[in-house]
**Q** 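The structure that follows is given in the form of structure tokens.
Note that the structure is a prediction, hence the values are computed from the model and not measured. Basis for what follows: all heavy atoms, side chains included, without hydrogens, waters or symmetry-related copies.
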Amino acid sequence: TNMSSEVLPASLETPNVERKPGVGEGEEDGQKPRLDAGTGPLSKRQMKKLLKQKQWEEQRELRKEKRKEKRKRKKLERQCQLESGSDGSDRKRIRRQAVQSSLRLIIDCSFDDLMVLKDIKKLHKQIQRCYAENRRASHPVQFYLTSHGGQLKKNMNENDKGWVNWKDIHIKSEHYSELIKKEELVYLTSDSPNVLKDLDESKAYVIGGLVDHNHHKGLTFRQASTYGIEHAQLPLADFVKMNSRKVLAVNHVFEIILEFLETRDWQEAFFTILPQRKGAVPAHKACESSPQDQQPQPEGWDSSNEGEHCRNHPGSPQKEEQGPQSSPVPQ
């Protein structure tokens with residue numbers, strides 16, 4: 001019995017004594033993190049882990065550098081393709097050869113507090129489309145967003161952070177009347193009795209950034225009148241009759257102007273840009289069959305002149321159902 005009692009304490013002490021490499025090395029590795037509690041030397045396994053972690057951190061920086069180099073190399077390749085005229089980015093080649101127009105095209109974002117978030121999001125998408133189309137246009141305009149702030153800016157910050165890096169666009173918090181001389185401004189509104197026959201590239205044309213669905217009739221015309229600036233409507237009635245919903249989006253107005261700058265042909269511009277679902281047909285046919293057909297207005301324009309499709313056509317009956325129509329601002 002004395003012998004066995006002497007052996008037991010020895011066996012209990014073994015975990016503390018066995019610190020040398022030996023037979024139970026696998027078990028020793030498993031015990032050391034608990035026994036050392038971070039104060040003693042690290043085990044081989046822990047050393048390997050730390051080494052791998054360090055290598056991963058170093059490789060992460062290396063990978064980042066490699067990605068940067070790859071981007072630079074691709075950029076150089078694209079530049080070489082553009083200069084040599086070889087195959088590659090056709091759209092970029094076209095953009096490089098573009099002839100910049102001096103015409104200023106403004107989206108007036110001063111109606112922010114009149115729109116619900118759903119409509120703000122629609123306006124944002126329309127602005128994105130305008131930006132993309134202007135970047136690839138053969139005659140890009142001087143593009144302005146004015147009165148930029150409020151819900152629209154918040155929505156852009158949340159859903160399109162890249163807008164701060166947009167090129168070839170002037171995004172201003174000021175109202176357009178603070179940025180451009182009054183005599184150079186022309187507000188595009190469907191309530192105007194003045195019909196555009198051509199575009200003057202020394203002017204700044206304003207499109208109302210209002211997705212209103214007819215809730216704010218006559219508003220942009222009244223604003224033009226209040227500021228005492230020129231106003232006009234696109235010659236849609238002379239060329240086009242549409243038998244779907246009589247509203248065009250802000251980007252459609254923008255794209256029609258880009259197309260006209262390229263072709264100098266209103267009919268071609270309208271029929272190129274207007275969606276097929278709107279059922280656009282030549283206006284002379286529409287006036288022969290239905291002189292009361294309605295004239296389409298962009299969402300960014302007031303829609304208070306619905307029912308005036310043929311009124312600008314020579315000899316067609318004019319309708320004056322709206323109050324603002326009777327007090328145009330003289331040009």
Side-chain angles (χ1 to χ4, degrees), residues 91 94-95 98 101 103-112 114-148 151-153 155-156 159-160 162-163 166-172 176 186-190 196 199 204-214 216 219-220 232-236 239-240 242 244-263 266-280 295-303:
R91 200 174 75 184
I94 292 166
R95 185 67 181 87
S101 170
L103 183 144
R104 288 155 290 175
L105 199 47
I106 301 163
I107 297 180
D108 170 19
C109 304
S110 64
F111 308 102
D112 193 86
L114 299 178
M115 289 185 282
V116 295
L117 185 58
K118 180 182 75 172
D119 289 341
I120 290 286
K121 288 183 175 181
K122 284 182 185 176
L123 177 61
H124 177 205
K125 285 185 184 299
Q126 291 171 13
I127 289 167
Q128 286 177 314
R129 180 64 184 266
C130 293
Y131 174 72
E133 290 301 322
N134 196 49
R135 290 280 290 163
R136 67 170 68 106
S138 58
H139 294 286
V141 296
Q142 311 291 323
F143 185 12
Y144 284 77
L145 279 187
T146 60
S147 301
H148 183 252
Q151 296 180 87
L152 177 64
K153 187 175 181 181
N155 187 67
M156 288 172 76
N159 302 305
D160 183 23
W163 74 266
W166 284 2
K167 298 173 182 177
D168 303 324
I169 184 170
H170 310 278
I171 301 178
K172 304 288 185 182
Y176 61 84
V186 180
Y187 212 114
L188 297 175
T189 168
S190 60
L196 279 181
L199 291 173
Y205 293 90
V206 186
I207 302 169
L210 176 61
V211 180
D212 66 343
H213 301 290
N214 301 333
H216 304 284
L219 185 59
T220 53
Q233 60 169 293
L234 294 181
L236 278 167
F239 297 98
V240 181
M242 297 190 303
S244 74
R245 186 165 173 261
K246 306 301 185 290
V247 177
L248 293 181
V250 169
N251 60 288
H252 289 150
V253 183
F254 195 101
E255 290 173 59
I256 285 165
I257 288 174
L258 288 179
E259 189 69 22
F260 179 79
L261 287 171
E262 184 176 348
T263 64
W266 284 119
Q267 184 157 316
E268 190 175 335
F270 293 137
F271 281 88
T272 301
I273 301 304
L274 295 178
Q276 286 185 346
R277 61 183 166 76
K278 290 193 174 285
Q295 175 181 329
Q297 291 92 21
E299 283 185 4
W301 302 10
D302 313 338
S303 302

**Q** Applying salt bridge (Lys or Arg N to Asp or Glu O under 4.0 Å), can you list everything that pairs with E133, at least two apart in sequence or on another chain?
**A** R129, R136
**Q** With A269, which residues qualify under side chain to side chain contact (heavy atoms under 4.5 Å, CB included), at least two apart?
**A** I256, E259, F260
**Q** Checking K121 now: which residues fulfil side chain to side chain contact (heavy atoms under 4.5 Å, CB included) with it, not counting sequence neighbours?
**A** L117, N155
**Q** Sort and list the pairs that fulfil ring pair (Phe, Tyr, Trp, His ring centres under 6.0 Å) and have at least one residue in residues 118-146, not counting sequence neighbours.
**A** Y131-W166, F143-F254, Y144-H170
**Q** Going by the rule ring-ring contact (aromatic ring centres under 6.0 Å, His included), which residues pair with H148 if we only count those two or more places apart in sequence or in a different chain?
**A** W163
**Q** Is the backbone of P140 close enough, under 3.5 Å, to the side chain of N134 for a donor and an acceptor to pair up by distance?
**A** no
**Q** Please identify each residue that fulfils side chain to side chain donor-acceptor pair (under 3.5 Å) with T146, with sequence neighbours left out.
**A** none
**Q** Listed by chain and number, what are the side chain to side chain donor-acceptor pair (under 3.5 Å) partners of E262, not counting sequence neighbours?
**A** S138
**Q** With side chain to side chain contact (heavy atoms under 4.5 Å, CB included) as the test, pick out the partner of V211 among K125, M115, K118.
**A** M115
**Q** Can you give me the closest heavy-atom contact between L234 and V253, atom names plus distance?
**A** CD1-CG1, 4.1 Å
**Q** Checking S101 now: which residues fulfil side chain to side chain donor-acceptor pair (under 3.5 Å) with it, not counting sequence neighbours?
**A** E201
**Q** Check side chain to side chain donor-acceptor pair (under 3.5 Å) between N251 and all other residues, then give those that pass, not counting sequence neighbours.
**A** E255
**Q** Calculate, to the nearest 0.5 Å, the distance between atoms CG and CG belonging to D108 and L188 respectively.
**A** 11.5 Å
